[in-house]
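Predicted model, so just to flag it, every value in this text is computed and none were measured.
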Amino acid sequence: MTVQDTLLPRRSRALPRLQVATRPGLALAVAVLAVVTLWAVLPSAFTSFNPVAGVPADKLQAPGAAHWLGSDELGRDVLARLIYGARQSLAGAVVAVAVGLSVGSLLGVLAGSVGGWPEQAILRLIDVLLSIPALLLSLALIVILGFGTLQVAVAVGVTAIAGFARLIWAEVVTVRRSEYVEAAFGSGGRFFAVLWRHVLPNAVTSVLAYAAIQFGWAILQISTLGFLGYGAPPPTPEWGLMIAEGRNYMTTSWWLTLFPGLVVIATVLATNAVGHALTRRLQ
């Protein structure tokens, strides 16, 4: 073990372990995410109903033995559409977070490690992006990219770039001025070697915790854009679209909006709980 390795903070050697067993709320959040993930990966294992083909005789049935969460105006099982809709929402959130994390990290690392006028130019670009409301920027990008789940996910990801870039820039600047980084440079370490070995491992852990929180935010944004009609086209099962389709029947068929809304809320709260738990463990 080198001198620089002994100076490394403990968080750079191993990612923190969440104390799930001793925290019931966190355990519930992890369970919710596990169920929703299984819905997205193996939807046919949880329901035998077709999510897009309905039975006219079963339309607008209240929750019961035949349809546990009721049926919609076309006779489609609401639970089946929720289960199959998890794939649309989670896949879109993964793409959004991946876009924000990759591009934002690249900009943040470049600004924090190079300094000078490139740093100032990138920071001004980040300030501009942060000054634009996320929903407004997403809508502007969707007009350019077109409608669809992938386009919505990319647009939401672009709005997340500034947050990731600002966070990793601050982390890189802090770590760059640490004693062990100065010692690495003093012992003859090359710029990119020191950046890869010492700077990035200490900056990435906070970014991963932030990414978990952003995942829930991305699900909410994608559902919002789907509710507005910019996401997956009908009859594709998507949580935001399901809420939009059920709003015309709120007074008579409350289950069409209630259950999709509860699933979105539960998923977002679960991802936020996991993200905040990671953040606390890193502090």
Side-chain angles (χ1 to χ4, degrees), residues 20-21 23-94 148-149 152-153 212 215-275:
V20 177
R23 299 183 59 186
L26 183 58
L28 178 60
V30 173
V32 169
L33 290 181
V35 170
V36 174
T37 302
L38 289 175
W39 283 2
V41 176
L42 297 171
S44 59
F46 293 90
T47 180
S48 58
F49 288 99
N50 190 315
V52 296
V55 180
D58 293 343
K59 66 179 182 179
L60 297 179
Q61 287 193 2
H67 300 279
W68 290 358
L69 300 185
S71 62
D72 64 7
E73 70 280 6
L74 297 178
R76 299 172 298 191
D77 186 73
V78 172
L79 178 59
R81 289 182 60 78
L82 283 175
I83 292 173
Y84 279 89
R87 178 174 298 177
Q88 296 287 331
S89 297
L90 294 192
V94 169
T149 303
V152 166
F215 189 82
W217 173 84
I219 292 176
L220 186 60
Q221 288 290 101
I222 292 172
S223 298
T224 300
L225 292 170
F227 176 83
L228 296 175
Y230 297 104
T236 305
E238 196 274 327
W239 293 344
L241 178 61
M242 291 178 64
I243 298 175
E245 291 176 339
R247 60 184 171 177
N248 295 327
Y249 303 90
M250 289 184 63
T251 57
T252 57
S253 304
W254 49 268
W255 57 88
L256 297 181
T257 54
L258 176 63
F259 292 124
L262 290 177
V263 169
V264 172
I265 293 172
T267 306
V268 172
L269 290 178
T271 54
N272 287 345
V274 173

Return the [atom1] to [atom2] distance between [X] and [Y], rounded to the nearest 0.5 Å.
{"X": "Leu33", "Y": "Leu269", "atom1": "CG", "atom2": "CG", "answer": "10.5 Å"}
{"X": "Asp77", "Y": "Asp58", "atom1": "CG", "atom2": "CG", "answer": "9.5 Å"}
{"X": "Leu225", "Y": "Leu220", "atom1": "CG", "atom2": "CG", "answer": "9.5 Å"}
{"X": "Leu256", "Y": "Tyr249", "atom1": "CG", "atom2": "OH", "answer": "8.0 Å"}

Residue pair [X] / [Y], side-chain heavy-atom distance below 4.5 Å:
{"X": "Phe49", "Y": "Leu79", "answer": "no"}
{"X": "Leu82", "Y": "Leu69", "answer": "yes"}
{"X": "Val78", "Y": "Met242", "answer": "yes"}
{"X": "Val52", "Y": "Thr236", "answer": "no"}
{"X": "Trp239", "Y": "Ile219", "answer": "yes"}
{"X": "Val274", "Y": "Phe215", "answer": "no"}
{"X": "Ile222", "Y": "Glu238", "answer": "yes"}

Task: Residues which pass ring pair (Phe, Tyr, Trp, His ring centres under 6.0 Å) with Tyr230, listed by chain and number, not counting sequence neighbours - done: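 Listed in chain order: Phe147.
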Task: By ring pair (Phe, Tyr, Trp, His ring centres under 6.0 Å) - contacts of Phe227 (at least two apart) - done: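 Here no residue qualifies.
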- [ ] Just say parallel, tilted or perpendicular for the rings of Phe259 and Trp254, cut-offs at 30° and 60°.
- [x]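 Because their plane-to-plane angle lies in the 30° to 60° range, the rings of Phe259 and Trp254 count as tilted.
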Open item on the list: Show every salt bridge (Lys or Arg N to Asp or Glu O under 4.0 Å) that has at least one partner inside residues 239-257, sequence neighbours left out.
Closed with: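 For residues 239-257, and leaving out neighbouring residues, the salt bridge (Lys or Arg N to Asp or Glu O under 4.0 Å) pairs sorted by first residue read Arg76-Glu245, Arg81-Glu245.
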State, to 0.1 Å, how close [X] and [Y] come at their nearest heavy-atom pair, and which atoms those are.
{"X": "Ser253", "Y": "Leu60", "value": "OG-CD2, 3.5 Å"}
{"X": "Gly92", "Y": "Ala153", "value": "O-CB, 3.3 Å"}
{"X": "Trp255", "Y": "Ser71", "value": "NE1-O, 3.0 Å"}
{"X": "Ser223", "Y": "Val264", "value": "OG-CG2, 3.9 Å"}
{"X": "Ala29", "Y": "Ala270", "value": "O-CB, 3.5 Å"}
{"X": "Pro237", "Y": "Pro51", "value": "CG-CB, 4.2 Å"}

